Amino acid sequence: MYNIRVEMSQNLKEKPKDESKLTFGDYFTDHMFVMNYDEGKGWNDPRVVPYGPISLEPSAMVFHYAQEVFEGLKAYKAADGRILLFRPDENFKRLNASNERLCIPPIDEELALEGLKELIKIEKGWVPSACDTSLYIRPFIIATDPHLGVRPGKHYLFIIILSPVGPYYPEGLNPVKIYVETKYVRAVKGGTGHIKTGGNYAASLKSQAEAKGLNYTQVLWLDGVERKYIEEVGTMNVFFKIGEEIVTPALEGSILPGITRKSAIELMRSWGLKVNERRISIDELAEAYDKGELKEAFGTGTAAVISPIGHLNWNGKIMDINGGQIGELSHKLYETLTGIQCGRLPDTFGWTVEVK
Ligand code: COI
């Protein structure tokens, strides 16, 4: 048992009325979880307080050198009213892996989970109930020292905010159009592509903006050295069904080890499907397409869940996948994953954690 103090907001907000109109990341709940780190003292003062602006000095290190890590997970409301988290232990474990890479002191994963549960118990009225909606959870850590030398911080804030959300892409479950990026790179091995830090996303904006200008939803990143091997989309990991093989890029140090990725692999293997984590080049993909063997493509991510890819553009070579329709496998994965997440299907893997 941890001692988490609670300060209730005296100014409750109006909740979004129509769940079917929920967008991604635009609404925030009434409270947040906060904890400080101070050198010599460690992580201290875990608390739930009213959601609101935080005060930092303009010299706070995060503004200058981007010492920041974050996570994304979701809480769902089951039909019987239970509130379920999906594999939260995996997120806090990954947060610590990100911390390690950016010289941020590790958090106590159990305390973080307890803090999150405490927060969600207070905010349970904010968890939407339709199965394609959820309460998105954003834990993050920033270096707060007022200091301009380049060194790891000695003071940090760990904050968890909550946001009721609908689908990440306006397309919902309709296949998205993806542009294969050949000019910019996202990450190289030894860098930070395998952790969740804001800088990775800042560096992707230019490419994303250019793709948007061409009417594409996102870009597909290739490896930063040979510009040949498929990596990830940036907001999702990717999978391809080629003949009877399902392929996803192996985790070799420059792509994010997605929790939805891991869950999709475990699910598909439990269905007896052949899933290989290996290198796959864009040439191999195009060749499979030309031979008529590229059956499906989809992305996986916490925010995106399962997002079918209906169209790829690689240097002008257009690959229209499955006639631009959602494939059978993507659909089954979406139904099964969201079914487990929102308690509609039995959780045979023990992935969900009830908030009570
Ligand atoms: C997520 O899927 O939770 C992510 O963090 C991706 C994106 C919204 C940044």
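Heads up: numbering here begins at 1 and tracks the sequence. Indexing begins at 1, ligand by ligand and atom by atom, following the structure's order. The figures here come from the full heavy-atom set of this structure, side chains too, leaving out hydrogens, waters and symmetry mates. Remember, it's a predicted structure, so these values are computed and weren't measured experimentally.
Regarding atom 3 (O) of ligand 1, its nearest protein heavy-atom neighbour is Y136 OH, 2.6 Å. At the top of the distance list for atom 4 (C) of ligand 1, counting protein heavy atoms only, stands K196 NZ, 3.4 Å. Counting only heavy atoms of the protein, atom 2 (O) of ligand 1 lies nearest to A303 N, 2.8 Å. Shortest contact from atom 7 (C) of ligand 1 to any protein heavy atom: T235 CG2, 4.0 Å. Regarding atom 8 (C) of ligand 1, its nearest protein heavy-atom neighbour is Y168 CE1, 3.7 Å.
Near R138, the atoms of ligand 1 lying under 4.0 angstrom from a non-hydrogen atom of the residue are 5 (O). Near F70, the atoms of ligand 1 lying under 4.0 angstrom from a non-hydrogen atom of the residue are 5 (O). Counting atoms of ligand 1 from 1 in the listed order, those under 4.0 Å from a heavy atom of G72 are 3 (O).
Between H311 and Y216, the angle of the ring planes lies from 30° to 60°, which puts this pair in the tilted group.
With a 4.0 Å cut-off on non-hydrogen atoms, K74 does not touch ligand 1 at all. Looking at M236 against ligand 1, nothing comes within 4.0 Å, counting heavy atoms.
Here the closest heavy-atom approach between residue E19 and residue T133 is recorded as O-CG2, 3.8 Å. Among all heavy-atom pairs drawn from F28 and I161, the shortest one is CE2-CD1, 4.1 Å. Taking both residues in full, the closest heavy atoms of I340 and T352 are given as O-CG2, 3.5 Å, listed atom of the first, atom of the second, then distance. Looking at every heavy atom in both residues, P50 comes nearest to E7 through CD-O, 3.3 Å.
Not counting sequence neighbours, D38 has no partner by the salt bridge (charged side-chain N to carboxylate O under 4.0 Å, His left out) test. Looking at residues two or more places apart in sequence or on another chain, you find a side chain to side chain contact (heavy atoms under 4.5 Å, CB included) between R261 and N237, F239, T248, L251, I265, E277, T300.
Considering H155, R151, K154 as possible partners of D145, the one that fulfils the side-chain hydrogen bond (donor to acceptor under 3.5 Å, both in side chains) test is R151.
Considering backbone and side-chain N/O of Y201, none are found under 3.5 Å from N/O of ligand 1.
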